[in-house]
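Because the structure is predicted, anything quoted here is derived from the model rather than measured. Residue numbers begin at 1 in each chain, while the letters A, B, ... track the order of the sequences.
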Amino acid sequence: MPPVSPDVASIRSRLLAWYDAHARALAWRAPPGEAGGIDPYRVWLSEVMLQQTTTAHATPYFLNFAARWPTVRDLAAAPDAEVMAAWAGLGYYARARNLLACARAVAGDHGGVFPDTEARLLALPGVGAYTAAAVAAIAFDRPANVVDGNVERVMARLFAVETPVPAARPELRRLAARFVTDHRPGDWAQALMDLGATVCRSRSPLCGQCPLAADCAGFASGAPERFPLKAKKADKPRRHGVAWVIVDARGRVALERRPDKGLLGGMLGLPTSDWSTVPEARTPPFPGDWRDAGAVEHVFTHFALTLHVRTAQAAHLGAYDWRPAAEARSALPTVFAKALDRGLAPALFL
DNA sequence: CATGCGTGGGC
DNA sequence: TGCCCAAGCAT
């Protein structure tokens, strides 16, 4: 049972009115009142890019993808390597592999038309509970309980939920469900997320501008920023490794395609040693005149990495995928782009 | 249900 | 600087 009994209709009407006046203009979004007016392909593409990703980071990628592959059929027909390279730098690369798998499923099994129900959307690769609900609500204006991190935060504050996440998730989801109706469901979902993103922010919430402050138990408590409570996180281990920057006589760099599963799966990368918890000497891929180019630091979700960089000139070896340096850099995940920059820097002084 | 999976920005 | 955080999903 929630600690208070909210006036659902009043909260809904005030938040929708706030959204009508304050909705963010985003590249993939229809103005308030026009939910359902956007191509479901663009809604889906934006939602996948926005998973655990800020709007500022996702926006240029969205514009590039939407221009380069204007329809789901175009994306489905694109070569894997081009899509992975276009995703480079956005992170969580399983999303890009699932994006392609989903586009091909829609093109192949659904006649190029996105399904319009939550249940059938949920069956698509890379589409989970949040994304299925978001596409159903935003693209098709169907009632759906759209619960992302913003909505969890708004609910946790509105009802001053004292249970920490992730344990509180089922309760927060039930609380959010009480507000879902068939009136403007797409705008409701976006209104809640916009409120969470711009007013009911994680740090320093702007309660003075919040249309729901009068109903908010978190605001009444005097410390709304305390919600949602969080379980303590485990410490991040550090790993060490070596990346080898191998350059041929024409200035091309040796790359390798990484296996589909696991860290940076499916992406191009520099040849590397194992990344283990102890720093130790690593045997280079072939004997030669290796130069130490220093190290780069990079922090992944669950570990920090010290990556030492060593460089060598080499004859063109068939075992690698050789790319001009600029092309290589643009196709690489950030950790390898940093290592490549480090490895090529000494060449400036030769 | 816990874990693995990126990155850049803010303080 | 070192943490925390941001429109989650798959296994």
Under 4.0 Å, heavy atoms only, any strand: does [X] hit a base, just the sugar-phosphate, or nothing?
X: R24(A); value: base
X: T301(A); value: base
X: W28(A); value: base
X: P125(A); value: sugar-phosphate
X: R169(A); value: nothing
X: A129(A); value: sugar-phosphate
X: V151(A); value: nothing
X: L305(A); value: nothing
X: V146(A); value: nothing

Would you give the length of the straight line joining atom [atom1] of [X] to atom [atom2] of [Y], rounded to the nearest 0.5 angstrom?
X: T277(A); Y: F303(A); atom1: OG1; atom2: CZ; value: 11.5 Å
X: H183(A); Y: L16(A); atom1: NE2; atom2: CG; value: 6.5 Å
X: D194(A); Y: R29(A); atom1: CG; atom2: CZ; value: 4.0 Å

**Request:** Provide the distance between the two P atoms, one in dG8(B) and one in dC9(C), to the nearest whole Å.
**Result:**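 Straight-line distance between the two P atoms is 22 Å.
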**Asked** Given the P atoms of dC5(B) and dA6(C), what is the spacing between them in whole Å?
**Response**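 The same atom, P, in both gives a distance of 22 Å.
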**Asked** Are any of the side-chain nitrogens in R238(A) or E297(A) under 4.0 Å away from the carboxylate oxygens of its partner?
**Response**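 Salt bridge flag = yes for E297(A) with R238(A).
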**Message:** Give the residues of residues 222-242 of chain A touching DNA chain C, defined as any heavy atom closer than 4.0 Å, sorted by residue number.
**Reply:** K230(A), K233(A)
**Request:** Would you indicate, yes or no, if dA10(C) has its OP1 or OP2 atom less than 4.0 angstrom from a side-chain nitrogen or oxygen of R97(A)?
**Result:**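 No, no such contact exists.
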**Prompt:** Between dA10(C) and Y92(A), is there an OP1 or OP2 to side-chain N/O distance shorter than 4.0 Å?
**Reply:** no
**Asked** Can you tell me if S276(A) and R239(A) form a side-chain donor-acceptor pair at under 3.5 Å?
**Response** no
**Asked** To the side chain of T131(A), which of dC5(B), dG6(B), dG8(C) is closest?
**Response** dG8(C)
**Request:** Check every atom of dG8(C), dT7(B), dG6(B) against the side chain of D148(A) and return the nucleotide holding the closest atom.
**Result:**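 Comparing dG8(C), dT7(B), dG6(B) against the side chain of D148(A), the answer is dG8(C).
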**Message:** Let's see if you get this right: which residues in residues 46-53 of chain A place a heavy atom under 4.0 Å from DNA chain B?
**Reply:**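 DNA chain B contact set from residues 46-53 of chain A: Q52(A), T53(A).
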Output the rounded distance in Å from [atom1] ([X]) to [atom2] ([N]).
X: E152(A); N: dA6(C); atom1: CD; atom2: C1'; answer: 12 Å
X: E297(A); N: dG2(C); atom1: CD; atom2: C1'; answer: 12 Å
X: L264(A); N: dG4(B); atom1: CG; atom2: P; answer: 15 Å
X: R201(A); N: dA6(C); atom1: CZ; atom2: P; answer: 12 Å
X: F336(A); N: dG6(B); atom1: CZ; atom2: P; answer: 11 Å
X: D260(A); N: dC9(C); atom1: CG; atom2: P; answer: 20 Å
X: L195(A); N: dA6(C); atom1: CG; atom2: P; answer: 14 Å

**Message:** Looking only at the aromatic ring of each residue, does the gap between the centers of F300(A) and H302(A) stay below 6.0 angstrom?
**Reply:**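 No; F300(A) has its ring centre 6.0 Å or more from that of H302(A).
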Look for any protein N or O under 3.5 Å of an N or O in nucleotides 8-11 of chain B and output each such pair with its distance, or none.
{"residue": "dG8(B)", "atom": "OP1", "partner": "T334(A)", "partner atom": "OG1", "Å": "3.4"}

What class does the angle between the rings of [X] and [Y] fall in, given that below 30° is parallel, 30 to 60° is tilted and above 60° is perpendicular?
X: H57(A); Y: Y61(A); answer: perpendicular
X: F65(A); Y: W69(A); answer: perpendicular
X: F179(A); Y: F159(A); answer: tilted

**Prompt:** Do the side chains of K230(A) and P164(A) get nearer than 4.5 Å, heavy atoms only?
**Reply:** no
**K261(A) vs R153(A), nearer the 5' end of DNA chain C by closest nucleotide** =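 Taking each residue's closest nucleotide, the earlier one in sequence belongs to R153(A).
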